[in-house]
Amino acid sequence: MSKKLANNIKVRFAPSPTGPLHIGGARSALFNWLYARHHGGTFIVRIEDTDLERSSRESEENILSSLRWLGLDWDEGIAAGGPNGPYRQTERLHIYKQYAAKLLEEGHAYYCYCSEEELAAERESLLAKGELPRYLGRCRDLCDADRDRLAAEGRKPVLRFRVPEGKTVTVDDQVRGEVSFETNGIGDFIIVKSDGIPTYNFAVVIDDHSMGISHVIRAEEHLSNTPRQILIYQALGWVIPAFAHISLILGKDRSKMSKRHGSTSIVQYQELGYLPEAMVNFLALLGWSPGGEEEIFSLDEIKDQFSLDRVAKNPAVFDLEKLNWLNGHYIRQSDLERITELSIPFLRQGGYVTGEMTPDKYQWVRMLVSTVRNYLANLSEINTHVEKFFVETVEPADEETREVLRQEKVVLVLNTLRDKINSTRDLDEETIKAALKSLGKELGLKGKQVFMPLRVALTGEMHGPELYQVIPLLGKEKTVKRLEYAMSKI
Ligand code: GLU
C-alpha cells in the first residue's frame, strides 16, 4: 500500500521487461529512489511492457528482484499496489484508448494507412537527400472517402500524433539545462500501433500524468523523446513534469557501455559475489558526486546528500577496478558471519565445502573466510585463495620463493616449529602467536627470518595471510606434514 507522504514529489522507475536489470537501469532506479527518499516523496515502480514480443514476466521478476537486492524499495506500483494502478502497461490499454480517442477527436491525432513499403520508400528518399528520416504527413488530411477506400484495401491504420509545424519545444532539464528541439524535424509519430498497442512516447505521458509524477529522472537516451512527450502534454492541456536526463555510461575506452566492458546486468554481479552496498555505492558515483575526496558511502549517506545539482552532465565512465576496490572494501568491513554465509555457496561450487554444515565445519569455514577475505575483489574469487589450505603439499610458487628456503638456519626454524606444534594441544591464534614469538627469541632470529621460511613452507608463497591464521586452518597434521616436506626438499 502507498504510504502517506509529506509532499508532492513523486518519481518513478519504468523499466521495459525485455531483459535483466542492467547497470544503466539500476542507476536510473537508484537516482529516482534517492530523489524520492531525500525529499520524503513517493517512489513508483511500474512496467512498460508494450513491446509484446520482447517483454517477459521472467525479465520483470529479474528486474524486481535486483531492485530488492540493491535495497531499493518502492511505495507504489507493481507488487506494491496503490491508487493509480494497474502498473503494467498492457493492463492499462483501456486508459490509453480513452486518451487516444480524445486526441483523435480534437484533431491532435489522425489515422495513417501508409504501408511498410511506402514508409520505407519515403525514408530512403529523405536519406538520399541528406534529410532526417521522418513521416511527411501523407495521411494528415485524408477525407472520409480516402479513409474508406484505404480501409477497403485491407490496410490497418496506426494513429499518429499531429506535430504542430514551425514550433520550438524547449526541455528545461534539471541536469542538462535548456535543450531546444524544432518540431519540423520531428515528423508525425505513431502513438497507437495497428494492433491497438500504444507506443512508448504516448503511454509514458498518460502514465506519468495519471500517476502524478512530478519529476521524470531517466537516461539521457530518452532526451530526444522528450519533445514528443511534451507535445502530447500540451495537446491534452496537462502540466508538464520536471525532467532530468542522466548521462550515458561509457566503458573505459569511452564507447557506450556494452557486454564487451564486462558484465552488464546486476544479477551477474550478484552471482559473482559482489555485495549490494558496493553496487549501490558504485552506481551512485556513476554520474553523481557529493564533492570532496570521499568515495565510500552507504545508501543512507548518499540519500542524505543526494541532489540533482550534483549530477554530472558529462558521461559517466564504468570502471570495473573501482567497483572491485569498493567491493573488496565492503567484503573486509562486513560482519564475518554474513560474509561466511555468502561465501559458502561458492566454496560448495568449488568442492571445498561438501556435505552437511556441522557447527565444527562452520567454525573452520568462518576462520577460512576471515583469513582470505582481505584478498578478494568478489566472493567468487574465494576458491583460488583457499586452494592452498586443501592440497596435501605445497611447492614454492617461483624461484624467488624457493630461494627463501635455501637461506641459513631455515631447517632449524622449521624443525623447531614442528616440535612446538607437536607438543601443543590447541592450535588457536593466541597459542600460535606465543609459539612464534618464543621461537624467534630462542633461536635469536629476527621476525622476517622466522616468518618468511615458515610462510613459504606452509603456503608456498611469500605474501599472504598471517601465520597465526594459517596454522590453525591447516591444523596440526597438515602443518607438521608441510614443515617436514619442506625440510626434506632442502
Ligand atoms: N521503459 C523505458 C526504458 O526502459 C523507460 C523510459 C522512461 O523512463 O521514460 O528505457
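Both counts, for ligands and for their atoms, begin at 1 and track the order of listing. When a residue number appears, it is its place in the shown sequence, counting from 1. In what follows, every heavy atom counts, from backbone to side chain, and hydrogens, waters and symmetry copies are set aside.
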- prompt: Do E381 and T384 have a side chain donor and acceptor closer than 3.5 Å?
  reply: no

- prompt: Hey, is NZ on K256 packed in by over 12 heavy atoms from elsewhere, all under 6.0 Å?
  reply: no

- prompt: Looking just at side-chain N and O atoms, do S210 and R92 make a donor-acceptor pair shorter than 3.5 Å?
  reply: yes

- prompt: Can you pull the side chain to side chain donor-acceptor pair (under 3.5 Å) pairs that have at least one residue in residues 15-30, sequence neighbours excluded?
  reply: none

Contacts of H108 that satisfy ring-ring contact (aromatic ring centres under 6.0 Å, His included) - sequence neighbours left out: none

Close residues, ligand 1: non-hydrogen atom nearer than 4.0 Å: R12, A14, P15, S16, E48, Y200, V204, R218, H222

Residues in ring-ring contact (aromatic ring centres under 6.0 Å, His included) contact with Y135, at least two apart in sequence or another chain: none

